[in-house]
Enquirer: 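Sharing a structure, written as structure tokens. Questions coming.
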Amino acid sequence: MSLRLEQSWTPGDGHGAFHLTLVNAGGEDLPAARLCYSSQTRLAEGARTDGGRLVRTFANHVEIDLAAPLPAGGTLQVVCDGLTHPPKNRTQGVMAAWLELPGGGVRVLEVGDLVPPEGTPRGPVTDWPEGRIDVPLGLMPWPARVEVDGFGSPPLLIPLHAAAAPGAAVAALHRRLFPAAPAPFALAGPGTEVVAEADPALSAEGYRLAFSPDRITLAHPDEAGLRHGLIALAQMTHAARTDDRFAFPQSGTIADAPRFGWRGCHFDVARNFHGAGTVLRLIDILAWLRMNRLHWHLTDDEGWRLPSRAFQGLADLAGTRARGTETPPQYADGPEGQSGSYTEAEVAQIRDHAAALGITVMPELDIPGHVTALLHAIPGLTDPDEPAGSYHSIQGYPNNALNPALPRTYEVVETLLREAAELFPGAPLHVGSDEVDHHSWQASPAALALAAREGLSGAAELQAHFLRKVQGMVRDLGRGMGAWDEAADGGGVDPDGTLLFAWRSKEKTAELIAAGYDVVATPGQAYYLDMATGAGWDAPGATWAGIVPPEAAYAYDPAEGLPDGPGRLVGVQACIWTEHLNSVARLNEMVFPRLALIAEAAWTPADARDWPRAAALSRLVPTL
Ligand code: ACM
């Protein structure tokens with residue numbers, strides 16, 4: 001690449017300055033152009049630029065008219081002074097950049113890492129020790145009770161009768177995850193028989209394996225328990241056949257049941273789109289880890305990925321970011337932007353694939369905030385008398401919330417929820433509710449009139465008013481409602497049938513339980529997998545919720561210090577936010593091993609957890 005953008009950061013007033021050096025190492029003389037770039041460390045209100053004139057910002061997207069041409073072999077300096085926060089690592093500067101030439105051409109700039117001030121500590125990127133294997137079983141998550149005697153080489157397992165069809169499904173899962181590895185199961189032939197026995201006395205989703213040299217019994221209370229027992233057998237067989245450190249039990253028992261009923265993983269496909277193939281593979285990995293919920297974050301400011309029949313073309317329009325439009329490229333998008341959404345057939349394939357593995361897919365339509373993409377695709381959802389830019393979200397989006405005073409808002413929301421309910425039969429519907437800015441609707445005459453009529457004060461009470469109406473719609477559809485923890489603000493919603501996802505703090509989780517809500521713990525400081533794994537400058541990722549090395553993710557106990565009720569902690573959930581994660585390679589770098597460690601927090605009793613063992617065994621988990 002003959003054009004580059006090299007960048008460094010110097011601290012100072014207003015969180016310092018970016019120093020951008022444009023280098024033309026090619027043979028083409030370039031005229032004074034418009035520099036376009038994206039950075040999550042945004043320019044603050046009143047930022048100064050040297051070397052060019054700031055002409056537009058939209059969330060992470062910046063446009064600067066350069067003051068001079070960039071001749072072949074030349075360089076050009078641009079300083080952006082005044083940032084929203086200090087960058088913490090090499091990935092928190094410019095993520096993508098290009099030049100728009102006066103004649104209409106575009107030239108992409110290869111972007112270098114953000115360089116810190118001299119002396120800034122660089123590493124380590126990830127502290128993930130080899131760990132220790134005391135009991136040679138390749139199980140992840142670790143079972144509640146392991147009392148086995150003697151270890152040998154694994155037999156070929158022959159699931160019989162009730163176990164035959166689920167055994168074939170687990171064999172197929174194993175083949176998808178490890179296409180080149182020896183198969184753990186066959187349905188006929190010489191091998192050790194696996195006999196399934198129903199035992200209603202076992203805990204929901206649990207199983208008990210009893211080993212002897214010529215037969216294995218698998219007791220289970222339900223279909224999920226049978227599948228979990230078969231997956232445990234497949235994991236032990238796989239590890240023993242592929243890694244000398246592992247073996248297979250000769251006698252004794254493994255008795256197991258999950259710690260929590262909700263063992264979830266959230267996946268944001270709005271910030272960066274990820275296709276159906278990646279979602280299907282993630283579901284396979286979740287099943288292998290005995291997780292049972294996919295929280296599919298399908299919409300956000302940056303994209304609406306769910307198709308609609310009522311609003312034909314919605315996902316095409318609102319799933320696209322493009323140069324020269326009101327929704328420009330963001331994050332690491334090049335000048336071509338990005339476009340992505342799922343067809344109904346893909347949604348059905350993903351939903352059914354998950355269901356066959358015991359995983360419920362909960363769609364999230366993130367409302368009333370985080371809807372920039374929707375607002376540009378469906379007109380009439382904001383107050384025309386509200387001044388543009390009267391508030392900005394924490395991510396810098398102007399006026400990005402549905403207006404709670406407009407009848408049109410409720411018509412559209414009702415339609416979109418009904419369509420989501422049709423695509424996801426039986427699943428709870430998650431209605432977002434996070435990060436609505438405190439200034440939202442405060443300059444909307446319609447919203448202020450509503451507030452006066454209803455005796456509501458501030459954005460939180462207006463949001464609660466909106467959410468209570470949405471809760472009525474979700475109930476009419478016969479569904480439970482999921483929402484982020486802000487749904488309890490401003491008077492909240494009815495806890496009955498509501499599941500809140502507590503991301504802000506342990507204290508918030510405790511508060512919600514005390515207020516009577518059922519809660520899933522998704523703590524940003526431990527379970528957000530886009531957070532950097534190390535404090536050094538070279539560790540990639542976000543840092544706003546904390547630095548989360550694998551050991552810290554594992555050490556977090558979601559239940560510690562919570563009140564007894566009246567609400568309940570029903571589970572835990574990893575969150576894969578994708579502002580930084582626009583490819584499978586980047587997903588793999590950040591998601592593993594932490595996803596497996598959180599799966600163990602969800603499944604394994606607190607007193608059976610062990611960091612050195614988990615560090616070792618999380619290395620066996622397949623990646624995307
Ligand atoms: C969130 O992190 N905004 C739920």
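The first residue of the sequence shown is numbered 1, and numbering continues consecutively from there. Whatever order the structure lists them in is the order used to number ligands and atoms, beginning at 1.
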Enquirer: Determine whether the aromatic ring centres of residues His15 and His85 are separated by less than 6.0 angstrom.
Expert: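 Centroid separation for His85 and His15: 6.0 Å or greater.
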
Enquirer: Only counting residues at least two apart or in another chain, list the ones meeting side chain to side chain contact (heavy atoms under 4.5 Å, CB included) with Glu346.
Expert: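 Glu346 satisfies side chain to side chain contact (heavy atoms under 4.5 Å, CB included) with Ala276, Tyr342, Thr343 once adjacent residues are dropped.
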
Enquirer: Short N or O contacts of ligand 1 with protein, under 3.5 Å, listed by atom name?
Expert:
from: ligand 1; atom 1: 2 (O); to: Tyr528; atom 2: OH; distance (Å): 2.6
from: ligand 1; atom 1: 3 (N); to: Asp434; atom 2: OD2; distance (Å): 2.7
from: ligand 1; atom 1: 3 (N); to: Glu435; atom 2: OE1; distance (Å): 3.3

Enquirer: Can you name the residues that form a side chain to side chain contact (heavy atoms under 4.5 Å, CB included) with Arg568, not counting sequence neighbours?
Expert: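 Counting only residues at least two positions away or on another chain, Arg568 forms a side chain to side chain contact (heavy atoms under 4.5 Å, CB included) with Asp518, Val570.
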
Enquirer: Please list, chain by chain and in numerical order, all residues satisfying side chain to side chain contact (heavy atoms under 4.5 Å, CB included) with Ala332, sequence neighbours excluded.
Expert: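 Listed in chain order: Met95, Asn582.
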
Enquirer: Test side-chain hydrogen bond (donor to acceptor under 3.5 Å, both in side chains) on Gln338 and Tyr331 and set out the steps.
Expert: CA-CA 10 Å; Gln338 84 167 241; Tyr331 308 124; over 6 Å; no

Enquirer: Tell me if the aromatic rings of Tyr554 and Trp611 count as close, with their centers under 6.0 Å from one another.
Expert: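 Between Tyr554 and Trp611, the centre distance is under 6.0 Å.
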
